[in-house]
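Presented below is the structure to which this report refers.
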Amino acid sequence: MGKVLSTKNLEHATLEFYNNYVIAIVKEDVVVGRTEVNSYIKACTNFFCGTTFVYISLRKNAYNVNPVIYSGEMRKLKNLAGMAIVCHQPSKINTAKYERNFVNFPYEIFTSLDDALEWSAELTKE
C-alpha cells in the first residue's frame with residue numbers, strides 16, 4: 001500500500017486518497033444513497049482531476065447501499081477504472097454480489113485489501 005496523500009472526513013465516511021485509488025470506509029448504520037455518493041464523487045473529482053483511479057470500499061462496518069446509484073450516480077465518474085469491494089463476512093459478500101447486478105464498470109469482490117490493491121494497480125497501469 002502506498003502513502004496516504006490526502007484524507008477526507010465526511011459525515012458518513014472517511015476517504016483516503018492514494019496515487020491511483022481511494023479507500024472508502026463508510027460509518028456504521030449509514031444508508032448510502034444519492035446524497036452520500038455525490039459527496040464521494042465530488043471529493044474524487046477534486047482529488048483525481050481526470051486521472052484514472054479505482055474506488056475501494058473497505059467494508060468494515062454494517063451499512064446499506066442503494067444499488068441503483070451504481071448505474072446512475074457512479075456513471076458521472078468518467079475516470080473511474082473500477083470498484084473493489086473488500087469484505088470478510090459471508091453476508092457482506094452476498095450483498096456485494098447482489099450489488100454487482102447494477103454495475104456497468106469493472107467490479108470485483110475481495111476478502112483481502114492486498115488483493116484489491118493488486119487488482120487496482122492492473123486497472124490503472126499505463
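One is the number of the first residue; the rest follow in order along the sequence.
Taking the six-membered ring for Trp and thresholds of 30 and 60 degrees, F110 and W119 have ring planes inclined between 30 and 60 degrees apart. Ring planes of Y21 and Y18: parallel class, angle under 30° (limits at 30 and 60°).
From E16, atom CD reaches atom OG1 of T7 across 5.0 Å, with rounding to the nearest 0.5 Å. Here CG of L58 is found 6.0 Å from CG of L113. Values are rounded to the nearest 0.5 Å. Note that the CG atom of L10 and the CD1 atom of I25 stand 12.0 Å from one another [nearest 0.5 Å]. To the nearest 0.5 Å, atoms CG (N19) and CG (L5) are separated by 5.5 Å. From C44, atom SG reaches atom NZ of K8 across 11.0 Å, with rounding to the nearest 0.5 Å. The structure places CZ of R100 at 12.5 Å from OG1 of T95, a figure rounded to the nearest 0.5 Å.
The closest donor-acceptor contact from the side chain of D115 to the backbone of S112 lies at 3.5 Å or more, if one exists at all. Formation of a donor-acceptor pair under 3.5 Å by the H12 side chain with backbone atoms of V30 is not found in this model. The backbone N or O of V31 sits nowhere less than 3.5 Å from a side-chain atom of N64 that would complete a donor-acceptor pair. Listed for the K27 side chain is a donor-acceptor partner under 3.5 Å among the backbone atoms of E11. In this structure, the side chain of Y107 engages the main chain of A96 through a donor-acceptor pair within 3.5 Å.
Between G33 and E36, the shortest heavy-atom contact is N-OE1, 2.8 Å. When all heavy atoms are compared, the tightest approach of T111 to I93 is CG2-CD1, 4.0 Å. For N61 against V26, the heavy-atom pair with the smallest separation is ND2-O, 2.9 Å. A pairwise comparison of heavy atoms in Y55 and A24 identifies OH-CB, 3.1 Å as the closest pair. When all heavy atoms are compared, the tightest approach of N38 to K76 is OD1-NZ, 3.3 Å. For I56 against S120, the heavy-atom pair with the smallest separation is CD1-OG, 4.3 Å.
In this structure, the side chains of Y63 and E28 stay at 4.5 Å or more apart for every pair of heavy atoms. Annotation: side chain of L77 is in contact with side chain of N79 (closest heavy-atom distance under 4.5 Å). A 4.5 Å side-chain heavy-atom check between S57 and V86 finds every atom pair outside the cut-off.
Hydrophobic clustering (ILVMFWY, side-chain heavy atoms < 4.5 Å, transitive): V68 and V37 are in distinct clusters.
In this model, a donor atom of one side chain and an acceptor atom of the other lie less than 3.5 Å apart for N9 and T14.
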Does the salt bridge (charged side-chain N to carboxylate O under 4.0 Å, His left out) test come out yes or no for E99 and R59, once each step is laid out?
CA-CA 14 Å; E99 292 169 4; R59 296 196 174 175; 2.8 Å; yes
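Just one residue in the list L117, N20, L123 forms a side chain to side chain contact (heavy atoms under 4.5 Å, CB included) with V54, and that residue is L123.
Aromatic pair F17/F48: centroids less than 6.0 angstrom apart.
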